[in-house]
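Beneath this line is the structure, given in structure tokens, with notes to follow.
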Amino acid sequence: MAKVLCVLYDDPTDGFPTEYARDDIPVIDRYPGGQTTPSPEALDFTPGHLLGSVSGELGLRAWLEKAGHTLVVTSDKEGPDSVFDRELPDADVVVSQPFWPAYLTPERIAAATRLKLAVTAGIGSDHVDLDAAVAHGVTVAEVTYSNSVSVAEHVVMMTLSLVRNYLPSHRVVLDGGWNIADCVARSYDLEGMHVGTVAAGRIGLAVLRRLAPFDVTLHYTDRHRLPRAVEEELGLTFHESAAAMVPHCDVVTVNAPLHPETEGLFGDELLSTMKRGAYLINTARARIADRDAVERALRSGRLAGYAGDVWYPQPAPADHPWRTMPHHGMTPHVSGSSLSAQARYAAGTREILESFFAGRPIRDEYLIVDGGGLAGTGAHSYSVNG
């Protein structure tokens with residue numbers, strides 16, 4: 001029997017919910033492009049309930065324990081004395097979320113001598129050292145597409161929030177004020193602007209499709225060019241690189257995975273080429289943007305706004321400069337963890353585990369590392385050293 005170590009974020013501060021704002025969520029059985037949503041043999045949770053926190057347990061406990069497996073769930077993941085580090089050496093499976101990542105470093109993977117599978121409940125597996133996973137024969141899988149549209153909706157929300165100066169205007173109301181000029185002095189229309197995405201995969205393309213009705217001019221860069229039919233449908237302009245694209249854009253949104261080619265991409269040099277007063281939205285990974293360069297660009301006026309939900313490390317320390325820099329719309333890492341998304345990635349996590357325990361192949365689109373190399377979605381999206 002196997003030991004499954006699951007790292008999830010803490011429960012709400014006022015306790016685990018006993019009721020919810022809605023009675024149900026829409027049923028979605030296919031994603032854009034035709035990929036089917038997760039299809040486990042059964043579910044032991046109610047879709048639309050909180051599953052991603054420690055008491056939610058991704059709905060896994062009853063099923064795993066009935067099958068004779070051990071499930072350990074914790075939010076304590078930092079430092080050598082954390083529950084995660086204490087439980088890791090004899091864990092067969094680690095499950096983690098991008099929103100509260102359990103960093104599987106080379107040292108931790110080396111110490112986890114029984115580890116066979118690392119599952120990302122969601123999308124984005126850069127918290128796992130993929131080189132070390134390859135070297136140690138650890139399979140890495142994620143629930144591809146499970147929250148791509150969730151993140152895309154968050155990008156659109158943040159874009160409008162920055163351009164229309166929504167958050168400061170809302171603050172005026174909360175503070176009991178009514179000064180219209182304070183609200184509109186930094187407010188613009190999105191209509192007519194040039195918007196570009198760094199990467200046009202599942203999330204980036206979903207962002208482009210959702211922004212097209214706003215009558216904007218759309219740009220993208222990606223190492224895999226989109227089909228001509230899609231470019232023509234959305235009126236897309238392709239650029240060979242981010243450096244070639246960003247000088248043309250009023251809004252830039254980052255939707256690329258973190259790997260050696262993207263780490264630190266938005267530093268002082270690239271930011272200096274952006275239009276003065278441009279907006280940058282990053283819901284991909286924090287380290288794609290240089291932390292201090294972003295703050296400098298906001299304070300100098302090179303950027304009119306920065307928004308996102310990704311930080312490094314996560315959780316971000318209280319003194320992280322992105323908490324206090326001007327003209328930002330940051331949130332904790334929540335874009336892909338709506339209750340709707342949780343239902344899909346919890347179901348996908350169970351589907352992956354069902355396949356693993358039964359000795360069946362895991363869906364190719366879920367695979368990042370398998371058989372000693374990049375596989376499936378990982379071969380398309382990531383790179384490894386050596």
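This is a predicted model, so every value here is computed, not measured.
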Sorted by chain and number, sequence neighbours left out, ring pair (Phe, Tyr, Trp, His ring centres under 6.0 Å) with Phe84 holds for none
Begin with the C-alpha distance, continue with both residues' side-chain angles, and end with the deciding distance and a verdict on side chain to side chain contact (heavy atoms under 4.5 Å, CB included) for Ile281 and Val254.
CA-CA 6 Å; Ile281 292 90; Val254 183; over 6 Å; no
Heavy-atom count around Asp175 CG within 6.0 Å, excluding the residue itself: above 12?
yes
The criterion is salt bridge (Lys or Arg N to Asp or Glu O under 4.0 Å); which residues satisfy it with Glu269, sequence neighbours excluded?
none
Step by step, work out the ring-ring contact (aromatic ring centres under 6.0 Å, His included) result for Tyr166 and His170.
CA-CA 6 Å; Tyr166 170 74; His170 183 56; 5.7 Å; yes
If you count heavy atoms of other groups shown closer than 6.0 angstrom to CZ of Arg360, is the number above 12?
yes
Work out which heavy atom in Cys249 is nearest to a heavy atom in Lys275; give both atom names and the distance.
O-CD, 3.3 Å
Partners of Arg223 by side chain to side chain contact (heavy atoms under 4.5 Å, CB included), sequence neighbours excluded?
His259, Glu261
Side chains of Thr139 and Ile368: does their closest heavy-atom pair fall under 4.5 Å?
no
Residues Asp44 and Arg350 bridged, charged N to O under 4.0 Å:
yes
For the residue pair His219 and His194, categorise the inter-ring angle as parallel (less than 30°), tilted (30 to 60°) or perpendicular (more than 60°).
tilted
Flag, side chain of Arg114 to backbone of Pro89, donor-acceptor distance under 3.5 Å
no
Test side chain to side chain contact (heavy atoms under 4.5 Å, CB included) on Glu263 and Arg285 and set out the steps.
CA-CA 9 Å; Glu263 186 167 1; Arg285 288 297 181 263; over 6 Å; no
Lys3/Asp90 salt bridge by N-O under 4.0 Å criterion
yes
Can Tyr9 and Gln97 be said to form a side chain to side chain contact (heavy atoms under 4.5 Å, CB included), step by step?
CA-CA 8 Å; Tyr9 47 75; Gln97 298 174 103; 3.5 Å; yes
Looking at Arg164 and Asp189, is any side-chain nitrogen of the basic one under 4.0 Å from a carboxylate oxygen of the acidic one?
yes
Hey, can you tell me if Trp63 and Phe357 have their rings parallel, tilted or perpendicular (30° and 60° cut-offs)?
tilted
Hey, which of Met193, Glu191, Met158 is the one that makes side-chain contact (heavy atoms from CB on, under 4.5 Å) with Val163?
Met193
Main-chain N/O of Glu41 paired to Glu354 side chain as donor or acceptor, under 3.5 Å:
yes
Test of ring centre spacing under 6.0 Å for Tyr20 and His49
yes
Is it true that Arg86 and Asp81 make a salt bridge, defined as a side-chain N closer than 4.0 Å to a carboxylate O?
no
Got a salt bridge between Glu233 and Arg209, using NZ or NE/NH1/NH2 to carboxylate O under 4.0 Å?
yes
Membership question, hydrophobic clusters at under 4.5 Å side-chain separation (ILVMFWY): are Leu60 and Val143 in the same one?
yes
Angle class for the Tyr306/Trp322 ring planes (parallel below 30°, perpendicular above 60°, tilted otherwise)?
tilted
Whether Tyr145 and Tyr31 hold their rings parallel, tilted or perpendicular, with breakpoints at 30° and 60°:
parallel
